[in-house]
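Structure first, then comments.
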Amino acid sequence: WKEVTVRCLCAAWRPLWPECVLQRDFEGFEELEEEAVVHEIVALGNSMGLEVDDDDVEELVEEHSKELSTEELLELHKEENETLKRSLTSEESGEEEDKEESRIIPAKDLKDVFFWWNKLSKLAEDYHPDVGSVQKAISVFNDNVMNYFWKVQKS
């Protein structure tokens, strides 16, 4: 019986003895006492193998119930922007390193890549029944794969 939640008990007893079950505030939403909710969260945590007690849940709720001030929100926004800038600059520097470290592609191989890609994309556009999917796939391949070869050709 310890594994049966309050919500389950309320749902089972409501049709049989509605006076003993917590009343609903809105249709479909049960008004549960705060303590019952905390106990249910602890029971769920324990059933998942977590070591949780009432104090942990109440502390978590207290931490997240406070509204952030404008200054705190601005600070979070600045931190997110800085993190994004750092990740973008590291990606860009990684691309430059890749270019320097990449092998030189012979002109004949580049010519073959462009020839076969044009032939394949034309064939798919002409004969594949789902034109929209083909165009999306060609666009994605152009952006993610062929773009590299075009940059190599330019350099």
Side-chain angles (χ1 to χ4, degrees), residues 1-15 18-105 109-110 113-114 117-118 120-121 124-125 128 130-155:
W1 281 103
K2 291 181 181 180
E3 294 177 11
V4 178
T5 65
V6 173
R7 174 183 253 165
C8 183
L9 285 174
C10 289
W13 277 100
R14 183 170 287 109
E19 295 83 28
C20 78
V21 179
L22 299 171
Q23 297 299 315
R24 295 179 180 178
D25 193 20
F26 299 101
E27 187 174 336
F29 294 97
E30 299 172 12
E31 183 181 310
L32 298 175
E33 295 177 20
E34 186 175 322
E35 188 175 310
V37 173
V38 170
H39 289 308
E40 187 171 349
I41 292 170
V42 170
L44 285 171
N46 290 333
S47 70
M48 294 181 348
L50 302 173
E51 293 182 23
V52 182
D53 62 7
D54 292 0
D55 294 335
D56 294 332
V57 174
E58 288 173 7
E59 180 181 335
L60 183 65
V61 169
E62 186 178 312
E63 286 177 10
H64 289 282
S65 65
K66 298 175 185 173
E67 290 188 26
L68 295 176
S69 67
T70 305
E71 292 81 20
E72 291 170 324
L73 287 172
L74 288 172
E75 185 63 32
L76 280 175
H77 184 67
K78 285 179 184 177
E79 288 175 12
E80 288 176 358
N81 283 341
E82 289 172 10
T83 304
L84 181 61
K85 284 179 187 176
R86 275 187 256 127
S87 68
L88 288 175
T89 55
S90 67
E91 286 177 11
E92 289 172 1
S93 65
E95 287 176 9
E96 291 172 10
E97 290 172 8
D98 290 344
K99 286 181 185 177
E100 293 171 4
E101 294 176 8
S102 66
R103 297 183 318 176
I104 296 174
I105 301 173
D109 289 344
L110 279 174
V113 167
F114 297 132
W117 174 238
N118 287 332
L120 176 63
S121 59
E125 286 176 332
H128 195 281
D130 189 355
V131 177
S133 292
V134 169
Q135 289 173 345
K136 286 179 187 174
I138 288 172
S139 177
V140 167
F141 194 81
N142 279 334
D143 292 343
N144 295 320
V145 177
M146 293 305 293
N147 195 27
Y148 170 76
F149 293 111
W150 289 319
K151 287 179 181 177
V152 169
Q153 182 189 24
K154 287 179 183 176
S155 63

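Along the sequence shown, residues carry numbers from 1. Note: hydrogens, waters and symmetry copies are ignored here, and every other heavy atom, side chains too, is used.
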Spacing of CG belonging to Leu120 relative to CD belonging to Glu125, to within rounding of 0.5 Å: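 So the gap between those two atoms works out to 10.0 Å.
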
Euclidean distance, Ile138 CD1 relative to Met146 CE, rounded to 0.5 Å: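 The CD1 atom of Ile138 is 11.5 Å from CE of Met146, to the nearest 0.5 Å.
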
Indicate every side-chain donor-acceptor pair of residues 75-83 with a distance under 3.5 Å to a residue at least two apart or in another chain.
from	atom 1	to	atom 2	distance (Å)
His77	NE2	Asn81	ND2	3.3
Thr83	OG1	Glu79	O	2.8

For [X], check side-chain contact (heavy atoms from CB on, under 4.5 Å) against everything at least two apart and list the hits.
X	value
Ile105	Asp109, Leu110, Tyr148, Phe149, Val152
Gln135	Val131
Asp143	Ser139

Residue pairs passing the side chain to side chain donor-acceptor pair (under 3.5 Å) test where at least one lies in residues 41-55, sequence neighbours excluded: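 Checked against side chain to side chain donor-acceptor pair (under 3.5 Å) - neighbours excluded - the pairs reaching residues 41-55 are His39-Asp54.
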
Minimal non-hydrogen separation, Val52 against Gly45, with atom names: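 Nearest heavy atoms, Val52 then Gly45: CG2-CA, 4.3 Å.
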
For Trp117, all residues meeting ring-ring contact (aromatic ring centres under 6.0 Å, His included), sequence neighbours excluded: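 Scan of Trp117 (ring-ring contact (aromatic ring centres under 6.0 Å, His included), adjacent residues dropped) gives Phe141.
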
Heavy atoms of other groups near Trp13 CH2, more than 12 under 6.0 Å: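 No, the 6.0 Å shell around CH2 holds no more than 12 heavy atoms from other groups.
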
